[in-house]
Amino acid sequence: MGRDRGRGSRENQEERGWLRGAPPPRWVRVLPLLLLVAVTVATLSTPDARDLGFLLGAIPPLAVLSYGPLATAGLGVLVVGVLILHATHLDRPGNTDLLTVAFVAALSVFVSYVRSRRDAQLVMARGVGEAVQRAVMPPLPERVGPVGCTGFYRAAQDGTLVGGDFYDVRDGPYGVRAVMGDVQGHGLAAMATVVSLLGAFREAALDQPDLASVAARMDRRLATDSAGVRHGELFATAVLLEFSADGRAVRVLACGHPAPVLLRDGRAREAAVAPGPPLGIGLLGVDPPKEVTVPLGPWDRLLLASDGVWEARDASGSFYPLPERLAALAATASPDLPAAVWADLGRLRYEVRDDATMLILTPEPRAG
């Protein structure tokens, strides 16, 4: 499924964002001005600095990285002005050199115009991506029935906000039900499958009496979508949860997805579940996955995570020890816990190669 980069330093993140169309780092924005001021001051101070004049030719191309057409044109005019100013001792370049610098400045204005148009298109595309993300997976409310909810999502594909992971929490006639899944593929190519699965889950959560029936409905949706399509086999892993009415137990059904991690009294352990086959291979024709009931105590929390978190690797190739690290972060409040895990991945230099998705569920036990 999808691949991503691990979180590095703030400077590295800023530079990677610049390469994807975000505003350039601060040092890139000020470099043309600093270079112009440095050469001008040096040449005004002594005639011996006239050999630095060649650096002025680099200013308009550098301005393209940070400024729009008007600002780039202004810097180009300043560069030509410094070259022909007698006080800078640079007013003796050959005609060819002066025309070359002027041509480079004019060409830089054109390139800056093209870049500005491209940046505007990227901003619009990012806005569309955000709208798609909100439509497919709107932000979770703080509580769904008696269950507190906190979601976290980082798409693997650079420059996108959507990927192959999904989650949702719904209240219905059979109680609060939640799902987390990971579809085949990543990025925009996986969005159609995510939309189909979420739609099937939201409908089945209201209609089906048990989690096995909900999983069967989602499995049928995948099988229907891939029917008649050459090499169109679709599959997805998923884990489904259903909380009891009193909040003192949760039923879990796993379809090829990692089990939830239970946080209790400062300790963390994987819930013991019966592993089942992934969705999309026809659950109706095989032994269906089995529900497992996990008792819950006061202040218990459940963390569901995708492969991007479980399979993050360090320099030695070892997987991220999620339960162990959750125990170390157990004092963190539920709304801040996913961000704390994400920061922990970066601090310990684990490389995240897939969509990173987490869901914290905090049931509130009710009196009998």
Side-chain angles (χ1 to χ4, degrees), residues 132-153 165-183 194-222 236-255 257-264 271 273 276 279 283 288-306 333-338 357-368:
V132 170
Q133 176 75 3
R134 288 193 297 268
V136 175
M137 289 200 314
L140 290 174
E142 292 184 2
R143 302 196 70 81
V144 176
V147 180
C149 307
T150 301
F152 180 93
Y153 192 94
D165 288 359
F166 63 93
Y167 57 76
D168 199 7
V169 184
R170 296 278 162 163
D171 196 0
Y174 302 102
V176 175
R177 288 174 168 175
V179 65
M180 173 174 283
D182 187 358
V183 309
V194 168
V195 170
S196 292
L197 283 176
L198 280 175
F201 167 77
R202 289 163 181 168
E203 180 181 349
L206 298 175
D207 299 337
Q208 300 302 318
D210 53 62
L211 293 181
S213 300
V214 176
R217 178 76 65 85
M218 297 172 69
D219 177 79
R220 187 180 67 181
R221 179 73 266 169
L222 281 182
T237 64
V239 58
L240 296 98
L241 289 79
E242 178 182 291
F243 291 90
S244 62
D246 59 9
R248 300 187 181 188
V250 60
R251 287 175 284 277
V252 183
L253 187 144
C255 300
H257 198 85
V261 179
L262 177 65
L263 284 82
R264 173 180 294 167
V273 301
L279 302 173
L283 295 183
K290 302 294 192 299
E291 291 185 13
V292 173
T293 300
V294 179
L296 297 175
W299 315 114
D300 281 358
R301 294 179 287 178
L302 291 165
L303 181 139
L304 286 68
S306 66
S334 294
D336 302 323
L337 187 55
T357 309
M358 287 174 274
L359 180 62
I360 301 289
L361 300 173
T362 310
E364 179 181 336
R366 296 177 176 176

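Along the sequence shown, the residues carry numbers beginning at 1. Values in this document were obtained by computation on a predicted structure and should not be read as measured data.
The backbone N or O of Leu211 sits less than 3.5 Å from a side-chain atom of Glu291, completing a donor-acceptor pair. Not a single donor-acceptor pair under 3.5 Å links the side chain of Thr237 to the backbone N or O of His257. Of the possible polar contacts, none joining the Arg217 side chain to the Ala200 backbone as a donor-acceptor pair under 3.5 Å is found. Looking only at distances, a side-chain donor or acceptor of Asp300 sits under 3.5 Å from a matching main-chain atom of Gly297.
Residues Met358 and Leu304 have side chains not in contact (no heavy-atom distance under 4.5 Å, counting atoms from C-beta outward). Contact annotation: the side chain of Leu359 never approaches that of Thr150 to less than 4.5 Å [non-hydrogen atoms, C-beta and beyond]. No side-chain heavy atom of Glu203 sits under 4.5 Å from any side-chain heavy atom of Gln208. Using a 4.5 Å heavy-atom threshold, the side chains of Leu302 and Val250 count as touching. Side-chain contact between Pro260 and Val239: present, with at least one pair of heavy atoms (C-beta onward) separated by less than 4.5 Å. Looking at heavy atoms from C-beta onward, Val273 lies out of side-chain contact with Val294 at the 4.5 angstrom threshold.
In this view, Phe152 and Trp342 satisfy the ring-ring contact (aromatic ring centres under 6.0 Å, His included) rule, not counting sequence neighbours. For Ser196, the side-chain hydrogen bond (donor to acceptor under 3.5 Å, both in side chains) partners two or more places apart in sequence, or in a different chain, are Asp225.
The distance from the CG atom of Asp182 to the OG1 atom of Thr357 is 7.5 Å, given to the nearest 0.5 Å. Of the inter-residue distances, the one linking Tyr167 atom OH with Leu361 atom CG reads 11.0 Å to the nearest 0.5 angstrom. Note that CZ of Arg202 and CE of Met218 are 10.5 Å apart. Values are rounded to the nearest 0.5 Å. Rounded to the nearest 0.5 angstrom, Arg248 CZ and Phe243 CZ are separated by 15.0 Å. Here the CG-CG distance, from Leu253 to Leu240, works out to 6.0 Å after rounding to the nearest 0.5 Å.
Using modelled atom types, one finds a donor on one side chain and an acceptor on the other under 3.5 Å when comparing Ser334 with Arg301.
Between Phe201 and Arg170, the shortest heavy-atom contact is CE2-CG, 3.9 Å. Nearest heavy-atom pair, Pro289 versus Gly276, reported as atom, atom and distance to 0.1 Å: CB-CA, 4.1 Å. Across every non-hydrogen atom of Ala205 and Tyr174, the tightest pair is O-CD1, 4.1 Å. Nearest heavy atom pair, residue Arg177 against residue Asp210, reads NH2-N, 3.5 Å. The shortest heavy-atom contact between Val183 and Phe166 is CG1-CE2, 3.7 Å. The minimum heavy-atom distance linking Val169 with Val176 is given by the pair CG1-CG1, 3.7 Å.
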Steps toward side chain to side chain donor-acceptor pair (under 3.5 Å) verdict (Asp165, Ser306): CA-CA 7 Å; Asp165 288 359; Ser306 66; 2.9 Å; yes

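A salt bridge is defined here as a Lys NZ or Arg NE, NH1 or NH2 lying under 4.0 Å from an Asp or Glu carboxylate O, and Asp219 with Arg221 fails to meet this definition.
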